[in-house]
Amino acid sequence: MATKIFMPQAGQDITEGLVVRWLKHEGESIRKGEVLCEVETEKAVFEVESPVDGVLLKIVAREGERVPIFSTIGIVGAPGEKAELDPLPAGEKKAAPGVDVAAIRKRLETGSEERDRAKVSGRARKLASDRGIDVSQVQGSGPQGRVTEKDLLIHVEKQRMSGLALRGRVVPLAGIRQAIARRMSRSKQTIPHFYVTVSVDVSAALALQDRLNPSPGGDITITDLIVKASALALKEHPHTNCRILEDRIILLEDINIGVAVTLENGVAVPVLPRVDQLPLGELSRMRRQLAGLAKAGRQANLEPACFTVSNLGMLNVDNFIAIINPPETAILAVGSIQKRPVVDGGGLVIRDMLTMTLSIDHRALDGALAARFINAIKDRLEDPQTLASGG
């Protein structure tokens with residue numbers, strides 16, 4: 001039974017193709033996979049291969065004619081077989097105006113065609129046609145980049161996995177989540193971050209916490225001690241208490257520290273004003289009050305922060321790196337407290353340790369100052385008496 005040869009589709013937006021050259025003549029024998037003709041679409045020039053052994057019974061679309069995709073351009077069958085063809089609707093097959101087919105063929109023969117000629121195996125082309133795949137989007141692994149059937153199957157699997165990844169409930173990026181996305185994207189795109197990490201022995205700080213709290217689970221937490229230590233370190237290193245404003249660095253007088261609070265749908269950063277002047281008990285009370293208001297969707301003050309503390313230690317996080325909250329120039333990321341072996345006086349002892357990472361805006365501060373600053377926080381926590389006294 002005769003087999004029709006169709007104009008291939010070279011992309012989902014392609015509607016017609018131009019017959020450039022027939023490589024076989026009517027009545028000439030052809031083997032399966034052998035190239036019958038070359039056609040051109042807006043994408044590239046393609047080889048059309050015979051799907052069967054036989055004879056080219058009839059050329060339906062002549063060289064230089066444009067025809068719709070999937071329309072019959074030729075018929076292959078057994079020798080002497082009658083080529084039956086449903087004629088194209090009137091006006092469908094037409095000569096391409098102003099197209100120099102000979103020039104196209106010459107460019108193909110000399111290799112100077114501006115668009116790369118698609119190299120696709122016959123089996124790959126059939127698979128692409130059956131599944132509606134745009135071959136131009138597939139990376140070929142065959143000789144000279146030829147697209148093989150294996151390449152098509154890999155492409156299909158990647159598309160399938162991509163589709164699986166998109167399954168699920170759609171949640172709009174709105175409200176506080178949208179605000180976080182916008183601010184954090186701007187921070188990473190506009191602020192040159194660098195990072196400094198230290199390990200801190202907080203055994204003495206935990207002992208101080210026990211003494212200050214009259215009963216287990218009292219008001220003062222390790223977060224309060226870290227915030228207070230950060231405030232005193234900012235006071236000791238005033239150049240870290242700053243903001244960037246266009247081409248200027250603003251050295252701030254007040255030491256206002258934001259404390260990241262986890263919400264159901266994001267993070268809020270209520271600000272504690274003039275923390276260096278607050279006794280620990282007042283600091284703790286104010287932090288808890290502001291955190292409660294933030295979780296209720298309310299804001300108690302509009303004090304601008306100069307620095308943020310983000311503590312994920314209660315969530316069993318060893319360490320992490322935080323993104324600076326603009327227009328601030330630094331943020332401290334605090335991990336969980338863990339008992340670790342530490343060398344002390346030539347021997348090993350078990351101490352309560354945590355890891356802190358300081359994210360710094362390199363426009364405002366350099367590495368040496370950042371190192372001195374984070375070590376000042378570390379020193380205050382390892383010798384915490386000044387935290388209780390406030391100085």
Side-chain angles (χ1 to χ4, degrees), residues 187-188 190-205 208 221-245 248-260 269 271-278 280 283 287 303-313 317-337 353-391:
S187 176
K188 289 296 286 185
T190 61
I191 298 177
H193 289 59
F194 77 97
Y195 312 98
V196 181
T197 301
V198 296
S199 293
V200 185
D201 183 346
V202 292
S203 302
L208 173 64
T221 68
I222 190 66
T223 297
D224 297 322
L225 298 178
I226 294 169
V227 171
K228 184 66 175 183
S230 299
L232 297 179
L234 284 165
K235 187 175 182 178
E236 182 182 349
H237 298 278
H239 280 83
T240 60
N241 187 29
C242 68
R243 284 187 173 185
I244 295 286
L245 180 61
R248 292 165 290 169
I249 297 177
I250 309 300
L251 300 179
L252 304 173
E253 294 183 4
D254 293 333
I255 297 177
N256 304 331
I257 296 182
V259 181
V269 186
V271 178
L272 303 175
R274 295 169 289 282
V275 182
D276 58 314
Q277 302 174 25
L278 294 178
L280 265 176
L283 185 159
R287 180 189 58 78
E303 295 281 357
C306 61
F307 184 78
T308 292
V309 173
S310 180
N311 186 0
L312 292 181
V317 172
D318 291 347
N319 61 77
F320 69 104
I321 296 174
I323 300 174
I324 295 170
N325 186 26
E328 300 166 25
T329 55
I331 185 170
L332 185 69
V334 182
S336 59
I337 299 173
M353 306 292 294
L354 64 75
T355 301
M356 302 189 308
T357 298
L358 181 68
S359 302
I360 291 288
D361 184 341
H362 215 327
R363 296 173 301 173
L365 300 172
D366 295 322
L369 183 55
R372 287 194 290 269
F373 172 62
I374 194 172
N375 275 289
I377 301 174
K378 173 179 176 176
D379 293 343
R380 298 280 183 170
L381 291 171
E382 292 186 339
D383 184 16
Q385 295 309 312
T386 54
L387 303 182
S389 64

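Throughout, numbering of the chain's residues begins at 1 and tracks the sequence. These numbers were taken from a predicted model, which means no experiment stands behind them.
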Can you sort out the partners of [X] under side chain to side chain donor-acceptor pair (under 3.5 Å), two or more places apart, ordered by chain and number?
{"X": "Thr357", "value": "Thr197"}
{"X": "Ser310", "value": "none"}
{"X": "Ser359", "value": "none"}

Could you tell me if the side chain of [Y] sits less than 4.5 Å from the side chain of [X], heavy atoms only?
{"X": "Leu251", "Y": "Cys242", "value": "yes"}
{"X": "Val200", "Y": "Val198", "value": "yes"}
{"X": "Val196", "Y": "Met356", "value": "no"}

For [X] and [Y], indicate whether the former's side chain and the latter's backbone hold a donor-acceptor pair under 3.5 Å.
{"X": "His193", "Y": "Ile191", "value": "yes"}
{"X": "Asn256", "Y": "Arg274", "value": "yes"}
{"X": "Asn375", "Y": "Ala371", "value": "yes"}
{"X": "Asp254", "Y": "Pro273", "value": "no"}
{"X": "Asp276", "Y": "Ala231", "value": "no"}
{"X": "Lys228", "Y": "Leu280", "value": "no"}

Check [X] against [Y] and note the closest heavy-atom contact, atom names and distance.
{"X": "Arg243", "Y": "Leu252", "value": "CG-CD1, 4.1 Å"}
{"X": "Asp383", "Y": "Thr386", "value": "O-OG1, 4.0 Å"}
{"X": "Ser199", "Y": "Glu382", "value": "O-OE2, 4.3 Å"}
{"X": "Val334", "Y": "Phe320", "value": "O-CE2, 3.3 Å"}
{"X": "Ala370", "Y": "Leu358", "value": "O-CD2, 3.8 Å"}
{"X": "Leu369", "Y": "His239", "value": "CD2-CB, 4.0 Å"}

- Task: Given side chain to side chain contact (heavy atoms under 4.5 Å, CB included), test Leu225 with Leu208 step by step and report yes or no.
- Result: CA-CA 9 Å; Leu225 298 178; Leu208 173 64; 4.3 Å; yes
Return the [atom1] to [atom2] distance between [X] and [Y], rounded to the nearest 0.5 Å.
{"X": "Ile244", "Y": "Ile249", "atom1": "CD1", "atom2": "CD1", "value": "4.5 Å"}
{"X": "Leu354", "Y": "Lys378", "atom1": "CG", "atom2": "NZ", "value": "10.5 Å"}
{"X": "Ile255", "Y": "Ser230", "atom1": "CD1", "atom2": "OG", "value": "10.5 Å"}
{"X": "Ile337", "Y": "Ser203", "atom1": "CD1", "atom2": "OG", "value": "9.0 Å"}
{"X": "Ile321", "Y": "Ile331", "atom1": "CD1", "atom2": "CD1", "value": "12.0 Å"}
{"X": "Asn325", "Y": "Glu328", "atom1": "CG", "atom2": "CD", "value": "4.5 Å"}

- Query: So which pairs with a foot in residues 354-364 pass salt bridge (charged side-chain N to carboxylate O under 4.0 Å, His left out), sequence neighbours left out?
  - Reply: Asp361-Arg363
- Between Phe373 and Leu332, is a side chain to side chain contact (heavy atoms under 4.5 Å, CB included) present by the stated rule, with each step listed? CA-CA 11 Å; Phe373 172 62; Leu332 185 69; over 6 Å; no
- Query: Which residues pass the side chain to side chain contact (heavy atoms under 4.5 Å, CB included) test with Asp318, sequence neighbours left out?
  - Reply: Ser336, Gln338
- Parallel, tilted or perpendicular for His362 and Phe194, by the 30°/60° rule? tilted
- Task: Mind running side chain to side chain contact (heavy atoms under 4.5 Å, CB included) on Phe307 and Asn241 for me, showing each step along the way?
- Result: CA-CA 7 Å; Phe307 184 78; Asn241 187 29; 6.0 Å; no
- Item | Evaluation steps, side chain to side chain contact (heavy atoms under 4.5 Å, CB included), between Ile324 and Thr329 | CA-CA 7 Å; Ile324 295 170; Thr329 55; 5.7 Å; no
- Residue that, paired with Val227, satisfies side-chain contact (heavy atoms from CB on, under 4.5 Å) out of Ile257, Thr308, Asn311: Ile257
- Query: For Glu236, which residues count as a salt bridge (Lys or Arg N to Asp or Glu O under 4.0 Å) partner, sequence neighbours excluded?
  - Reply: Arg380
